[in-house]
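This report concerns only the one structure given below.
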Amino acid sequence: PYTPMGRFLHIPPPFPRSDWANNFGTPWWKDDEYCVGILSSRTRRVRIINTLTLQEQIIEVCAEETLNEILQRYKPYNTHATSYTWKYYGSNLDMKKTLIENGVMDE
C-alpha cells in the first residue's frame with residue numbers, strides 16, 4: 001500500500017524484507033478494541049437559529065443523532081441552549097428523537 005507519511009502499524013514495508021514479522025494476529029483496523037464509533041448512514045447540515053439574538057450556527061450532524069446529542073454539540077456556541085424550547089416551523093421538537101423522527105426532513 002501507498003503510505004506517503006511513512007510506515008504505519010501493521011503495514012508491510014514497500015519492498016520484501018526478511019526481518020519484517022507479520023505474525024501480529026489481527027491488524028489494528030479490524031480490531032474492535034480500536035473502534036471509536038459507528039459510521040453514519042448519512043450526515044446533514046443543520047442551521048440552528050437563536051431567535052432572541054438572531055445568531056445562527058451551521059452544524060453537520062449524523063442522521064442517527066438525537067436532538068439532545070445535537071444540543072450537546074451546540075452548547076459551545078450557546079451555553080444557555082438547554083433552557084430554550086427547540087422548534088421547527090412552530091412545533092416543539094422532542095429532544096429524545098432524531099430529526100427524521102421529529103419530521104424534520106433533509107432539504
Side-chain angles (χ1 to χ4, degrees):
Y2 177 66
T3 54
M5 304 297 284
R7 293 272 319 277
F8 294 102
L9 186 63
H10 300 153
I11 300 291
F15 48 86
R17 292 182 57 163
S18 61
D19 62 344
W20 187 72
N22 62 354
N23 59 351
F24 43 76
T26 306
W28 67 267
W29 60 88
K30 292 184 178 180
D31 192 346
D32 289 338
E33 177 184 350
Y34 298 108
C35 181
V36 293
I38 58 171
L39 185 62
S40 177
S41 63
R42 182 183 176 116
T43 62
R44 61 193 277 188
R45 292 177 189 256
V46 175
R47 183 175 61 175
I48 302 172
I49 301 172
N50 183 337
T51 56
L52 183 65
T53 63
L54 298 179
Q55 293 177 326
E56 65 179 63
Q57 298 295 328
I58 297 177
I59 301 175
E60 188 170 11
V61 300
C62 299
E64 299 83 9
E65 281 186 287
T66 64
L67 287 176
N68 274 325
E69 293 169 330
I70 295 171
L71 168 66
Q72 293 306 315
R73 295 182 49 211
Y74 176 66
K75 274 182 146 180
Y77 302 104
N78 185 342
T79 56
H80 302 288
T82 52
S83 63
Y84 298 156
T85 301
W86 287 46
K87 295 185 175 189
Y88 179 70
Y89 284 115
S91 58
N92 292 353
L93 299 174
D94 185 349
M95 300 302 280
K96 295 178 185 147
K97 294 182 178 179
T98 65
L99 290 168
I100 297 290
E101 292 169 344
N102 272 302
V104 181
M105 297 298 152
D106 197 3
E107 297 173 357

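- Here salt bridge (charged side-chain N to carboxylate O under 4.0 Å, His left out) pairs that include residues 76-95, with residues two or more places apart or in two chains, number zero.
- Applying the side chain to side chain donor-acceptor pair (under 3.5 Å) criterion to R47, with sequence neighbours excluded, gives no partner residue.
- When every heavy atom of K96 is checked against every heavy atom of T66, the shortest pair comes out as O-CG2, 3.5 Å.
- A 4.5 Å side-chain heavy-atom check between L71 and M95 finds at least one atom pair inside the cut-off.
- Annotation for Y84 and W86: closest pair O-CD1, 3.6 Å, computed over non-hydrogen atoms.
- Under the 4.5 Å side-chain criterion, counting only non-hydrogen atoms from C-beta, Q57 is not in contact with I49.
- Among residue pairs with one or both ends in residues 67-82, those qualifying as side-chain hydrogen bond (donor to acceptor under 3.5 Å, both in side chains) are E65-R73; sequence neighbours excluded.
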_Run I70 and I48 through side-chain contact (heavy atoms from CB on, under 4.5 Å) and show every step you take._
CA-CA 10 Å; I70 295 171; I48 302 172; 4.2 Å; yes
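- One side chain, E64 or S40, offers a donor N or O that lies under 3.5 Å from an acceptor on the other.
- Considering T98, V46, N102, V61 as possible partners of L67, the one that fulfils the side chain to side chain contact (heavy atoms under 4.5 Å, CB included) test is N102.
- A continuous path of ILVMFWY side-chain contacts below 4.5 Å connects Y89 to L93, so both sit in one hydrophobic cluster.
- Atom CZ of residue R45 and atom CD1 of residue I58 lie 7.5 Å apart, to the nearest 0.5 angstrom.
- Clustering ILVMFWY residues whenever any of their side-chain heavy atoms sit less than 4.5 angstrom apart, transitively, puts I100 in a cluster other than the one holding L39.
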